[in-house]
Amino acid sequence: MAHQPSSHDPTEDSASERTQIGFQPIVGPSAEPTFDGADLVNLPTRTLSNNARLEEYTAETVDGQILREVKSTATGNIERYELVTWKLNDPENPKNWSKAYKWWCTMCVALTCFVVAFNSAVITADIAGVSKTFGVSEEVSLLTISLFVVGFGVGPMLFAPLSEILGRRPIYASTLLVAVIFTIPGAVAQNIGTLLVTRAIAGIAFSAPMTLVGGTLADLWRNEERGVPMAAFSAAPFIGPAVGPLVGGFLSDAAGWRWLYWIQLILAAVAWALISFTVPETYTPKLLARRAKKMRKETGNDKHVTEEDLDLRPLSQRLRLFLLRPFQLLFQELIVFFISLYMSVLYGLLYMFFVAYPIVYQKGKGYSAGTTGLMFIPIMIGVLASALCAPLVNKHYLTLVRKHNGKPPAEARLIPMMISCWCIPVGLFIFAWTSYPDLHWIGPAIGGFPVGFGFIFLYNAANNYLVDSYQHQAASALAAKTFLRSFWGAAVVLFTEQMYDRLGDQWASSLLGFLGLACCAIPYVFYFKGAAIRAHSHYAYGGDDEENVGKAEKTGV
């Protein structure tokens with residue numbers, strides 16, 4: 001989709017700052033290429049200036065080069081460079097690898113995503129065992145979940161920029177190794193402090209693969225091929241939390257809570273080995289940088305370069321974009337704030353279930369941890385069912401693309417959200433009012449199905465809407481969402497039990513249902529008013545709205 005900025009940000013496109021690198025690009029606005037939103041998120045848009053020719057990383061050319069002319073600020077002369085690109089049908093381009101190998105890489109990273117989600121949830125099966133062993137309250141033991149989830153919000157702020165510098169593979173390999181190492185102390189900890197500190201470190205380390213997986217799939221698959229691989233990836237983070245309590249319940253009943261950490265170690269080690277030794281680098285800017293370096297060495301011609309050699313932002317500007325921009329978007333953009341709020345409610349709900357299910361089934365019905373874990377199966381079935389429907393949603397969106405001549409409004413992404421948002425309150429109200437101790441166990445379990453079914457549709461629609469609404473700012477918008485979502489998910493675990501004690505099982509779950517019901521208004525409001533909101537935004541991208549561009553440049557926003 002071709003989008004023009006609805007405003008101009010001086011911190012991103014300052015001529016005085018661009019000249020610090022020694023060259024003045026002479027590419028006019030007419031040279032602006034067209035990109036798919038998913039491509040923009042995974043290209044170095046925050047590393048390179050706005051004038052950088054990002055098509056270097058998406059184009060395939062006959063000779064593997066694009067002429068780039070830049071004006072040297074030192075000499076005033078026009079310098080000609082050859083930007084290194086992929087050649088037609090280039091075998092080194094990850095998108096041209098065989099389908100079998102691309103699916104292998106996809107399943108490796110999806111498995112890693114599953115393992116991370118599993119590890120966040122498996123310990124919920126025996127929180128009481130930790131409290132008993134170390135003589136601490138249940139609230140303190142629940143911090144083993146909260147600190148791990150906090151890492152999911154903190155880690156991406158560091159690992160996203162590092163992946164643009166080092167590539168994806170070194171980040172995968174190093175962070176997963178750290179996570180493996182710091183899972184071991186959890187299994188052998190002699191005090192609660194050791195357990196909490198190592199869980200926090202493991203959570204930060206495990207956040208890296210969760211951050212990079214979507215980008216890896218965009219590296220491997222062309223736009224028209226991504227539907228099924230993205231569905232497989234989308235299911236992994238939600239199946240993991242459903243399988244975690246199931247496996248953890250029986251394992252803790254049989255071998256004690258420490259084995260909940262040994263199983264994490266085993267799975268994490270397998271994921272690390274698969275990623276480190278069978279999945280090569282897939283990040284195009286890194287691969288082309290290597291090729292350019294090799295060409296300079298072989299030919300002795302220093303004109304073979306990439307955009308990172310010519311148009312890199314100053315370090316101070318990059319730091320602002322990576323660290324400050326997500327918070328600017330979160331607190332200055334209504335769309336980012338309310339979509340992030342909705343996703344936080346859903347993420348919190350997922351982690352509340354880890355506490356609510358034991359309350360309903362173990363305390364209420366006297367079930368064992370293993371049997372309680374079985375009650376998460378309907379959530380898993382719901383997630384799988386929605387994953388199977390994901391290609392249909394993608395097919396419907398492609399019809400909208402054709403209908404709008406290739407430029408559908410960002411609000412078209414909200415249609416699956418508007419339909420599936422009702423699944424969450426429906427499932428919660430079923431869970432709430434069938435959770436009496438004397439009623440059949442199947443009632444609350446069935447309530448998990450519509451909740452699981454709604455999760456993937458809501459998350460994918462929300463992510464796509466943020467990407468299409470913010471384009472070059474999309475990576476920062478997604479970082480803002482992840483940050484808020486993770487901190488809320490970490491917080492709710494700590495007060496869920498008190499909420500159920502004070503309100504009772506039925507009304508506590510109903511409160512969650514009413515929250516989910518209130519959030520249903522969000523996609524509808526943005527569907528009808530989103531375009532108007534984006535038209536007045538400092539950061540959002542709308543259609544080819546020249547009037548807004550001119551107005552923004554005039555005001556210098």
Side-chain angles (χ1 to χ4, degrees), residues 117 121 149 231 234-242 245 337-357 359-360 375-390 393 413-435 442-466 481-482 484-486 488-489 491-493 495-496 499-500 503 505-527:
V149 176
S234 298
F238 296 106
I239 293 177
F337 179 78
F338 280 103
I339 292 294
S340 299
L341 183 67
Y342 194 2
M343 295 304 102
S344 298
V345 168
L346 292 179
Y347 201 64
L349 169 64
L350 187 63
Y351 282 90
M352 279 181 167
F353 271 178
F354 299 149
V355 181
Y357 270 62
I359 290 172
V360 169
M375 303 304 136
F376 285 87
I377 290 177
I379 296 179
M380 182 171 56
I381 295 173
V383 169
L384 290 172
S386 61
L388 291 174
C389 294
V393 174
R413 295 290 197 177
L414 293 173
I415 295 173
M417 202 174 187
M418 294 163 70
I419 298 170
S420 59
C421 64
W422 306 103
C423 294
I424 305 301
V426 165
L428 286 168
F429 286 129
I430 294 173
F431 181 81
W433 296 102
T434 59
S435 61
I442 202 170
I446 285 177
F449 176 82
V451 172
F453 187 79
F455 271 142
I456 286 185
F457 288 127
L458 290 168
Y459 264 78
N460 285 354
N463 286 347
N464 289 332
Y465 183 51
L466 288 178
K481 182 209 70 174
T482 301
L484 185 64
R485 182 193 75 182
S486 299
W488 177 247
V492 297
V493 173
F495 62 74
T496 300
M499 183 176 74
Y500 272 78
L503 298 179
D505 294 0
Q506 292 71 44
W507 282 107
S509 298
S510 294
L511 176 61
L512 303 179
F514 286 121
L515 273 175
L517 195 60
C519 287
C520 288
I522 292 174
Y524 285 87
V525 170
F526 287 140
Y527 184 79

Item to check | Tyr527 and Tyr465 aromatic centres sub-6.0 Å | outcome: no
Next on the checklist: I'd like to know whether Met499 forms a side-chain contact (heavy atoms from CB on, under 4.5 Å) with Val355, so could you lay out the CA-CA distance, the side-chain angles of the two residues, the decisive distance to 0.1 Å, and finally the verdict.
Outcome noted: CA-CA 11 Å; Met499 183 176 74; Val355 181; over 6 Å; no
Item to check | Under 3.5 Å: donor-acceptor pair, side chain of Tyr347, backbone of Ser486 | outcome: no
Next on the checklist: Using the rule given for side-chain contact (heavy atoms from CB on, under 4.5 Å), can you reason through Phe455 versus Cys423, listing the C-alpha separation, both sets of side-chain angles and the distance that settles it, and then say yes or no?
Outcome noted: CA-CA 9 Å; Phe455 271 142; Cys423 294; over 6 Å; no
Next on the checklist: Checking Met417 against Ile339 for the side-chain contact (heavy atoms from CB on, under 4.5 Å) test, could you report, in this order, the C-alpha distance in whole Å, the side-chain angles of both residues, the deciding distance, and whether it holds?
Outcome noted: CA-CA 11 Å; Met417 202 174 187; Ile339 292 294; 4.1 Å; yes
Next on the checklist: Using side-chain heavy atoms (C-beta onward) and a distance below 4.5 Å, is Cys421 in contact with Tyr524?
Outcome noted: yes
Next on the checklist: Before you tell me yes or no, could you show the steps for Leu511 and Trp507 under side-chain contact (heavy atoms from CB on, under 4.5 Å), namely the whole-Å CA-CA distance, both residues' side-chain angles and the distance that decides it to 0.1 Å?
Outcome noted: CA-CA 6 Å; Leu511 176 61; Trp507 282 107; over 6 Å; no
Checklist entry - Out of curiosity, Cys389 SG to Ile456 CD1, how far, rounded to the nearest 0.5 Å? => result 9.5 Å
Checklist entry - Closest approach of Ser340 and Lys481, non-hydrogen atoms and distance? => result OG-CA, 3.3 Å
Next on the checklist: I need the minimum non-hydrogen distance between Phe429 and Ser510, along with the two atoms involved.
Outcome noted: CE2-O, 3.7 Å
Checklist entry - What's the shortest heavy-atom distance between Val360 and Pro444, and which atoms? => result CG1-CG, 4.3 Å
Next on the checklist: On a heavy-atom basis, which atom in Phe457 and which in Pro416 lie closest, and how many Å separate them?
Outcome noted: CB-O, 4.4 Å
Checklist outcome for this item: Separation between CG (Leu458) and CE (Met343), nearest 0.5 Å, reads 5.5 Å
Checklist entry - Which value, rounded to the nearest 0.5 Å, describes the distance between Thr434 atom OG1 and Ile442 atom CD1? => result 10.0 Å
Checklist entry - Can you check whether Phe453 reaches Val426 side chain to side chain, under 4.5 Å on heavy atoms? => result no
Checklist outcome for this item: Smallest heavy-atom separation, Val345 atom then Cys519 atom, equals CG2-SG, 4.0 Å
Checklist entry - Between Tyr351 and Val149, is any pair of side-chain heavy atoms under 4.5 Å apart? => result yes
Next on the checklist: Less than 4.5 Å apart, side chain to side chain, heavy atoms only: is that true for Val451 and Phe353?
Outcome noted: yes
Checklist entry - What distance do Thr496 atom OG1 and Phe354 atom CZ have between them, rounded to the nearest 0.5 Å? => result 11.0 Å
Item to check | Side-chain heavy atoms of Leu512 within contact of Phe431, under 4.5 Å | outcome: no
Checklist entry - Do you see a donor-acceptor pair shorter than 3.5 Å between the side chains of Ser509 and Trp433? => result no
Item to check | Which atom of Pro245 lies closest to which atom of Ala121, heavy atoms considered | outcome: CD-CB, 4.1 Å
Next on the checklist: Can you tell me how far apart OG (Ser344) and CH2 (Trp488) are? Round to the nearest 0.5 Å.
Outcome noted: 8.5 Å
Item to check | Euclidean distance, Leu346 CG relative to Leu341 CG, rounded to 0.5 Å | outcome: 10.0 Å
Checklist entry - Would a 4.5 Å heavy-atom cut-off, applied to side chains only, mark Leu388 and Leu384 as touching? => result no
